[in-house]
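Side chains included, hydrogens not; waters and symmetry mates left out as well; all remaining heavy atoms used. Within every chain, numbering begins at 1; the chains are lettered A, B, ... in the order of the sequence lines, protein sequences first and strands thereafter.
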Amino acid sequence: MLLDAYRITSEPYYQPQGAEISTFTAAYHERLPVMLKGPTGCGKTRFVEHMAWRLGKPLITVAAHEDMTAADLAGRYLLEPVGTIWHDGPLTQAVRHGAICYLDEIVEARQDTTVVIHPLTDARRILPLEKHNEIVPAHADFQLTISYNPGYQSAVKDLKESTKQRFVAIDFGYPQPATESAIIIRESGADSDLAAVLVAIAQRSRNLQGHGLDEGASTRMLIHTGRMVRAGLPLETAVQSAIVLPITDNPDIRAALSDAIAACLP
Amino acid sequence: MSAAKPPVAFRGLSEPEGDTRRLHLLMRQRDNLWPLFVNTWDTLSRHFDAAECEAWAGAVLALANVNAGPSCLIAYWEACSNAASTSEIAPLLGAAQATTEICRQAGAQAASASLKALGPARRFLGHGAALSRWWRAMETLARQAPESVAPTAGSMGDILAPGTVQDFENFIAAGLRAGAGDHKRRLAFFSLQDELARRTIARNPADICFPDVEAGLKAFTTALWGKAPRLRRMAGGGNDKPQRRSSIAGPLIRLPEVYRGVQGDAGRALFRAAAAHAQAHLVLGHARFTIGTLKPLQVALVNLIEDARVETLAMRGLPGLRRLWAPYHIAAPGGVATAPVLLARLARALFDPTCNDDDGFVAKGRALFAAALPRIEDSAISREIGMLLGNDLGQMRVQFNAKTYVVEPMYRDDGLGLWDFGDNAPPSDEVLELFVDAMRIDRQENADSDRQQGDPDTAEPEPGRGRPAAPDERGTIIARYPEWDRTHGVERPDWTVVREVAAPPADARAVDEALDRSSALRHRVQQLVRGVRIGRAVRLKRQHDGYDLDVDAMLDAGIALRSGQEPDPRVFRSSKPVHRDLSALLLIDTSESTRDRLPSGATILDVERLAVALLSEAMDQLGDPFGLLAFASDGRDDVRITTVKHFDEPYDRDCRARLAGLVSGLSTRLGTALRHAGHVMATTTTSRKLLIVLTDGEPSDIDVADPLDLVEDARRAAINLHMNGIDAYGVVLGNAGAAAAARIFGRGNTMLVHQINDLPTRLSELYFRLARR
């Protein structure tokens with residue numbers, strides 16, 4: 001198979017928080033495009049990997065960036081000694097050969113880029129390649145998933161209504177404390193006491209969201225902290241280096257957060 | 001040392017011609033002064049030689065020659081006698097010279113008051129250079145604020161409490177500045193009636209003051225429980241009063257200006273402990289006890305148990321808080337078992353389970369509290385236990401003085417916020433005394449702020465000084481503008497009169513808090529600011545030269561070459577930094593209709609204020625020059641403009657205070673306001689000029705029957721602005737003014753905000769959209 005390199009062979013760990021697995025499965029069954037919303041580090045990418053594995057489909061991930069053009073997604077002609085050769089972009093590959101295409105942080109891309117996905121996300125399910133003078137009908141297995149962090153995006157960069165309304169959305173938040181603690185234990189090898197403290201610490205930072213922090217500590221950050229502790233670092237140092245220092249540069253907020261974190265430590 | 005002295009009766013007569021002789025002759029004529037003078041002279045002549053005494057006599061003569069009066073002379077002699085054994089002659093002469101100067105400038109009473117203040121000054125500053133600087137500062141005060149010398153001298157002990165002469169000089173300078181020519185305010189400052197004055201002397205440079213830690217405290221407390229605290233500063237009592245405790249008033253947490261004597265990190269920690277404790281009451285406590293017929297001791301105990309209860313709850317979730325609070329629990333068993341001591345020990349015993357205290361009362365309190373632990377969520381246990389323990393303590397007949405009692409440990413609040421005094425059942429005087437310190441200062445603060453809000457015009461003009469030319473009571477006339485007469489199709493010159501009206505004073509905090517409450521919005525606007533990415537580079541494609549090949553352009557060129565066409569040579573990518581060259585003026589309509597309330601309870605003006613505050617914050621961060629004007633009108637000869645922010649003024653607390661002070665009233669003569677805005681914007685030098693008008697309806701005024709006249713006038717004003725390179729943009733709240741605004745600004749330059757609550761978001765988005773063009 002062409003896309004074997006994109007297949008996920010072992011199960012990526014994912015702890016469901018709600019009905020997201022059944023929602024995604026149903027959407028995939030109907031080949032409806034899915035939008036994953038939520039703050040950074042709450043498991044969006046991991047969820048897509050898990051679903052690709054569960055559904056047995058290859059997964060092509062594209063991280064969008066602000067210089068990304070439509071050609072970067074769809075493909076372009078390249079020059080070779082014999083002439084110009086058309087080269088499929090990642091999206092075209094997924095469309096042609098049947099994969100889940102995951103566009104991470106889609107709004108980072110320029111707005112004209114996002115329009116490329118419009119014909120793929122309605123009843124047509126086609127990808128017109130204007131330069132190649134080709135219309136690629138989507139493979140039966142193809143499905144489009146995008147991720148989108150509403151807090152992190154600017155209003156200017158908000159998704160267009162016409163784009164938004166094509167998607168089934170799944171909202172990801174920070175997991176419930178018990179779930180989050182289970183995730184930390186599983187992913188970092190921390191014991192349950194440590195996990196509980198880390199979850200409490202995360203709550204303190206999330207309290208500061210909008211009061212000095214753009215976003216609170218993510219689950220990913222907590223896992224990293226847990227791993228630092230497991231690697232032998234004292235908890236205070238690990239928290240400082242894996243949570244407090246990365247999250248803010250404002251000295252007042254940093255001090256306040258450190259003090260609030262100290263209040264969580266037994 | 002002088003030789004044997006002649007008998008008193010002949011003193012001075014035998015002296016050679018000179019100041020000594022003259023002084024003696026002068027004093028001989030004054031029966032009331034003579035004996036004191038002789039005593040002083042004897043004392044001094046034991047310590048100083050004849051030449052020094054001669055100089056001293058000269059100094060006293062100079063003092064007498066400026067009509068210092070007997071009391072001043074006596075005060076000087078006393079000061080000299082007291083200092084003779086420890087001082088050189090020079091400081092005494094300096095004191096005389098300074099007193100002479102003060103007497104000349106401020107009168108004899110001020111001079112003798114200064115001499116009386118010399119005692120405290122010596123105590124704090126010694127006899128050296130510091131003391132002479134103190135005299136210099138007093139002379140300065142006498143020259144610039146003669147009326148204030150006596151009150152300053154009267155409270156010298158308090159004023160010098162910070163300890164160094166530098167602090168004293170700063171205090172004098174601050175008072176002169178704060179008074180700014182108004183002798184009443186100066187007098188209030190130097191007699192320590194003014195809060196600023198009290199704050200200035202309460203401050204020790206090493207002390208941590210509330211404003212230093214406010215931002216950090218707020219973030220810290222928010223992080224703990226996810227609820228932003230509303231922190232307030234509380235004026236400190238005098239240095240002689242016990243340290244004030246924090247206090248809860250409704251949703252507000254009032255913290256002392258400073259915890260005296262607790263410095264550096266310890267001070268910060270104490271503020272954190274106090275803020276966390278008070279916020280624990282607000283977040284976890286929810287207690288509101290009716291005072292009923294409780295005795296002060298019982299009230300104090302209920303407070304104490306409630307403190308322990310909320311701390312126990314808080315530490316269940318956040319065990320590390322124990323480390324924050326523990327250092328202040330220092331009451332140890334033993335010693336005299338007075339009520340305050342027992343209360344402090346009980347507080348410790350309840351806080352710290354490992355603390356050993358075998359006192360029967362403390363043990364009983366502990367047992368009761370432990371038994372109530374299953375019901376810890378219920379604030380009623382505090383009242384139950386508090387009353388029981390209060391009875392016990394009452395029967396033990398230990399002394400409890402409500403007047404002098406202060407809550408221990410220091411970080412805890414005074415408990416006032418826990419009590420509901422009810423309207424019809426006033427508490428007993430004794431109970432009130434428990435809180436009286438807090439209440440008295442409250443009252444005083446209210447009185448202070450009332451005074452500040454008083455009409456400045458009622459202040460008496462200072463005698464002998466010119467008063468600024470009396471402005472029209474409607475404000476200073478700053479411009480006249482023409483107005484378009486629709487019926488006759490002519491422009492009537494100088495038809496409208498624009499007056500600058502100052503915004504009534506208000507607290508910038510109101511704006512800050514509104515911003516805090518809408519943190520989500522603020523966050524969104526911050527993202528917009530970040531999106532603009534000032535100073536960052538944008539990447540340019542298909543350039544003639546650059547640092548990198550543009551792959552797409554190169555391929556096109558390659559294809560063109562091979563197909564025999566002429567390729568486009570622009571195959572490079574480059575980048576250039578983003579420049580902003582934009583200034584903006586916001587024109588805010590404050591007419592009567594902005595007083596309308598929305599379902600949320602806020603007025604339209606409140607929403608406008610929030611929207612403007614949000615956008616101003618963003619513009620400030622972007623570095624775009626901007627101005628804020630508010631307008632309202634009361635006929636053509638009274639178009640009132642309030643400058644909230646000038647273009648060349650930083651966006652600071654004062655601006656926010658003026659923004660907070662805007663009040664609704666009068667009508668909307670938009671055309672004149674637009675012309676004035678154009679006039680203001682003409683001073684800016686940016687290439688792009690943006691005028692955003694916030695209004696909630698169509699133009700109207702009391703002296704214009706047909707509103708269309710004003711619409712037409714405003715339209716012409718807007719066209720004029722456009723001709724002058726100013727983009728005028730109308731933001732219309734509600735539906736009423738939509739048609740008129742579209743006519744004035746053009747449909748494309750009008751934004752309708754149907755849901756007024758959306759204004760803050762929409763306004764900022766509009767700005768960013770316009771600014772990008």
Side-chain angles (χ1 to χ4, degrees), chain A residues 66-67 69-72 76-80 82-87 107 110 131 149-158 196-197 200-217 236 244 248 250-266, chain B residues 213-228 268-269 272 276 314-315 317-325 516 518-533 538-539 541 551-552 554-559 561-563 573 761-762 764-765 768-769 772:
Chain A
E66 57 202 22
D67 275 339
T69 60
D72 292 327
R76 55 161 58 93
Y77 278 105
L78 290 179
L79 285 171
E80 297 209 352
V82 288
T84 52
I85 301 284
W86 176 260
H87 193 90
V107 282
R110 294 149 51 128
K131 282 191 179 163
N149 176 351
Y152 165 72
Q153 309 309 338
S154 68
V156 168
K157 283 177 151 189
D158 207 349
V197 169
I201 289 173
Q203 188 51 50
R204 304 286 86 73
S205 71
R206 290 167 196 168
N207 283 341
L208 274 179
Q209 193 165 326
H211 296 280
L213 288 185
D214 288 344
E215 264 178 27
E236 285 83 355
V244 178
T248 175
N250 178 329
D252 275 349
I253 299 292
R254 205 174 257 184
L257 183 58
S258 301
D259 293 332
I261 286 173
C264 301
L265 303 178
Chain B
V213 292
E214 185 179 0
L217 274 185
K218 206 166 167 183
F220 167 68
T221 322
T222 310
L224 288 181
W225 289 292
K227 183 168 177 269
R268 290 175 203 282
R272 281 198 301 271
M315 288 187 297
L318 301 167
L321 287 176
R322 182 176 294 281
R323 279 194 300 278
L324 185 65
W325 289 325
D516 282 348
S518 40
S519 60
L521 270 175
R522 198 182 196 176
H523 181 69
R524 210 168 155 78
V525 175
Q526 293 293 323
Q527 297 297 344
L528 285 169
V529 171
R530 212 165 297 170
V532 173
R533 293 178 304 172
V538 285
R539 202 164 287 171
K541 298 195 159 183
V551 175
D552 287 328
M554 204 183 65
L555 285 171
D556 289 345
I559 292 165
L561 272 177
R562 290 186 193 193
S563 56
R573 293 200 302 183
T761 335
R762 300 280 307 272
S764 292
E765 285 177 11
F768 281 88
R769 206 172 74 224
R772 263 192 310 166

Minimum-distance pair of heavy atoms, taken over all atoms of [X] and [Y]:
| X | Y | answer |
| --- | --- | --- |
| A:A256 | B:F220 | CB-N, 3.3 Å |
| A:Y77 | B:L555 | O-CD1, 2.5 Å |
| A:A260 | B:A223 | CB-CB, 3.5 Å |
| B:R562 | A:E80 | NH1-O, 3.2 Å |
| B:A215 | A:D252 | CB-OD2, 3.7 Å |
| A:L208 | B:A219 | CD2-O, 3.2 Å |

How long is the span from the [atom1] atom in [X] to the [atom2] atom in [Y], to the nearest 0.5 Å?
| X | Y | atom1 | atom2 | answer |
| --- | --- | --- | --- | --- |
| B:L318 | A:Q203 | CG | CD | 10.0 Å |
| A:L257 | B:T222 | CG | OG1 | 11.5 Å |
| A:L79 | B:M554 | CG | CE | 6.5 Å |

With a 4.5 angstrom heavy-atom cut-off, is it the side chain or the backbone of [X] that approaches chain B, or both, or neither?
| X | value |
| --- | --- |
| A:L78 | both |
| A:S258 | neither |
| A:A200 | neither |

| query | Taking side chain as C-beta onward, heavy atoms only, is B:R323 less than 4.5 Å from A:L265? | reply |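 Sidechains of A:L265 and B:R323: in contact.
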
| query | Is B:L224 close to A:N207 at the side-chain level, that is, under 4.5 Å between some pair of heavy atoms? | reply |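 No; the side chains remain at least 4.5 Å from each other.
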
| task | List in chain and number order the residues that pass salt bridge (Lys or Arg N to Asp or Glu O under 4.0 Å) with A:R204, two or more places apart in sequence or in another chain; answer none if no residue qualifies. | result |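 Here no residue qualifies.
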
Please classify the contact of [X] with chain A as side chain, backbone, both or neither, using a heavy-atom distance under 4.5 Å.
| X | answer |
| --- | --- |
| B:L324 | neither |
| B:V213 | neither |
| B:K227 | neither |

| query | Who passes side chain to side chain donor-acceptor pair (under 3.5 Å) against A:R76, sequence neighbours left out? | reply | A:D72, B:D552

